[in-house]
Q: 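One structure, pasted below without further comment.
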Amino acid sequence: MNQCKHCALPCPKDTEFCCPGCSQAYSLIHSSGLDLFYQRRSIQKNIDNPKAQDVPFFEQINNYIQHKENHLEIYLFIEGMHCAACGWVIEQVLQKQDYVTYARLNLTEKRLKVCFKETSNAQQIIKHIYTLGYKAQPYNAELMKIENETQSKQLLKALAIAGFGMMNVMLLSVALWSGAEQDTTTASLMRWFSALIALPTVAYSGLPFFRSAFNALKAKHLNMDVPISIAIILTPLYSLYLTIAESSAETYFDSAVALLFFLLIGRYLDTRMRQNVKQNSLRLLKLQNSFAKVKTATGYKMVNTQDLVKGDIILVTKGERVAADSILLDDIAELDNSLFTGESLPIAPKKGDELIGGALNIGGSFEAKVTTAVSEGLLQKMSELVNEASEAKNKLSRLSDRVAQYYAPVVHLLALITFVFWYAAADIHVALVAAVAVLIVTCPCALALSVPATQIAFTASLLRKAILLKNAQALENLHKIDAIVWDKTGTITQGRLKLISKISQKDLKVLASVAQHSDHPYAKALTFAYKKELHTAKHVKEHTGLGVQGQVEGLKVRIGRPDFCETTARKQKQLYARIDDKVLSLEFEDEIRPEASKAFKALNEYEHYLFSGDSKQAVERFNYLPFTEIKAELYPQEKLAELEKLKKTKTVAYVGDGINDAPSLANADVSISLSSGHDISQQSADIILQNNDLRSINYLLVQAKKARSVMLQNIGISLSYNLTAIPLAMAHIMSPIWAAVAMSVSSLIVMANALRVNKGA
Amino acid sequence: MDVLVFLIPIALFLGLLGLVAFLWSLKSDQFSDLDGEASRILFDDDSRANSKEKTKK
């Protein structure tokens, strides 16, 4: 049967296309001279009948079913979706099945919830999804917990209630301000209504702050939430007292609720951002490695990697990761260790060599004997290092908390002094009013807003350049940075091989024509090196672990290991090729990011260091970049140790992308990862460059300095307001209405000032 | 000004209605998938119509 020239599906006899659509698409591509498309694309085969072995967790799927009262439920993570229609078709196909009672896909999280009737249906469901051309993985429990989003939902609820309260109290306040006050009955009515709205609002919406303040007090230290809590509790209570006493003094229900509302916005955005990042990184911690094929007497059994024990023999097929630290049993294997060591070139361990759990198999299948259980493996140790390092970092308190540490006790002391003074000089009523007035006047609204407002403006200015600030506290270190440590593979380089041997275009064309049929990194680099149209290669055969052979224009071509190319070349080159009788040696290197030198030029005021896990010889070629020191062949622990040494004298930013950088990223004063980097490194980093452009680092540092100065100004503004108002309140002379006006004005100034960070960015 | 005694509670009640509606929508997970709902509305044959067909069969 004929194959459609465009889509490769079977088509009617004597025709080249299966349908007019394909014919038109082909003629457009053909007439534009882009026939190369058909050689370069990869069409998924056997898509219409996925087999059980294509689905890595097929046998285990039943473990993920949740049993509900009258149905079963499963959550799946869907890969390969492009748009809403993909989601639609998955939902519809599943819903058409008799045993499916409910199917709903969350497009934001790519999470599919399916309810069905019998346990055996689960495998059916997975099959349907694969048949449609998507991939599905069960969601693990840890992920589910986060996805419940209880925290951000609660904040949103608190925010909605605070917003409602603020609008209504404001409405009444505006009426009071604009003259309703003159009629005491009306004024009193409105105050009672304000109290009715404000008190429950504060009680509910203030909970996040009260909780945090309570926890801080329990741990015997002060954070910013303590003065905030005191202010948002005392302000309405004092106002309530005034209302009951029918005093004509100004009440502050509006300012308490408004402050709460604005603070909640900041907190909500902060939580959301942090959650998004966490979700993204966790989602990527795929289940891919969760199962290993363990050899048994009768064949292979799928086993959860956590259950692997020493001595188990595992089969690692092409494209899989080695499940645990182990020893190679087969003669030969080819692994990509770059995530772990940062080495850019594939390694070829021999029989008896140790393999690191997590290495990617790019050669043929092999068997290996497990030496260490996953829970004690190197990868696990790494993640412990990461945890330790990030915990140590979190101990450094936030700037605003540090300010609060001094501010709160002083304020409370002043209130006490005022109380004692007026109690002695006048009576208890004056003392009480004056003391509460001091507390209100010192209400740290502007102070509380100064830091988050700047952080939000800073984050927004970064987002516009596709820089994701994951940890807002990084802002507190960014301005101090004087040294930058770089990782090599994937950071300065693109983590992609490029042919550097000089061979003729003619030979290259022949080699690339054969290489295009292989997925091996070398073969891909070879195909990529030739930019024009390729020949059609015949009789192509790939020998796993050896090389690939084929015939092009009558020439016999072999690419691969020296013995495969029948050469006795002594000097070890990375790859050999043989075209009929001519032997060529090929060398590759990891390509440097094109913008790297420009980025370094912009960053010339900083000291640069290069820490690489790669060989000395591989890092030598970076001498031309302005590095103060270059270190090679560092293991992750050693990178961390070097970094700690450097940190003693300098404030260090670390830029890295691999798993091997994760401990250092977690430990550095500021850590930057690239979105092309590994998820674990992104998880450990404070900042992620979504555009993978090293030049953004300069922008980041410039913006950080700007934000820092704005933040300090803001703290200055708010403190100076408080400092002038306090003596007046203590002296019992500040009229409450002026206190309220000054309070709002200072908050507004702080907000407006924060927006400057965004300006001219 | 006596009318305020009625007007303010009415205003509050209306505002409260909106708040309740928002809290309900939050509770029923309408804010958990902002991308999906935006495009789902564009598909004519939504899932409910389909499940009805199925029960008819």
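Labels below follow one simple rule: chain letters A, B, ... track the order of the sequence lines, proteins then strands, and each chain is numbered from 1.
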Q: As an exercise, state the distance from CG of A/Leu189 to CD1 of B/Ile8, rounded to the nearest 0.5 Å.
A: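 Going from the CG atom of A/Leu189 to the CD1 atom of B/Ile8 covers 5.0 Å.
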
Q: Please classify the contact between A/Ile197 and chain B as side chain, backbone, both or neither, with a heavy-atom cut-off of under 4.5 Å.
A: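 Interface part for A/Ile197: side chain.
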
Q: Calculate, to the nearest 0.5 Å, the distance between atoms CG and OG1 belonging to B/Leu4 and A/Thr185 respectively.
A: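 Between atom CG of B/Leu4 and atom OG1 of A/Thr185 there are 11.0 Å.
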
Q: Is chain A contacted by the side chain of B/Leu23, its backbone, both, or neither, given a heavy-atom distance below 4.5 Å?
A: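 Contact with chain A involves the side chain of B/Leu23 alone.
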
Q: Of all the heavy-atom pairs spanning A/Phe164 and B/Gly15, show the shortest one and how long it is.
A: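 Distance-wise, the nearest heavy atoms are CE1-C, 3.2 Å.
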
Q: For B/Leu26, which atoms come within 4.5 Å of any heavy atom of chain A: side chain, backbone, both, or neither?
A: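 Both the backbone and the side chain of B/Leu26 come within 4.5 Å of chain A.
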
Q: What is the distance from atom NZ of A/Lys157 to atom CG of B/Leu19, rounded to the nearest 0.5 Å?
A: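 These two atoms lie 10.5 Å from each other.
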
Q: Rounded to the nearest 0.5 Å, what separation is found between the NZ atom of A/Lys153 and the NZ atom of B/Lys27?
A: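 If we round to the nearest 0.5 Å, A/Lys153:NZ and B/Lys27:NZ are 9.0 Å apart.
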
Q: To the nearest 0.5 Å, what is the distance between CG (A/Leu159) and CZ (B/Phe22)?
A: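 Answer rounded to 0.5 Å: 7.5 Å.
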
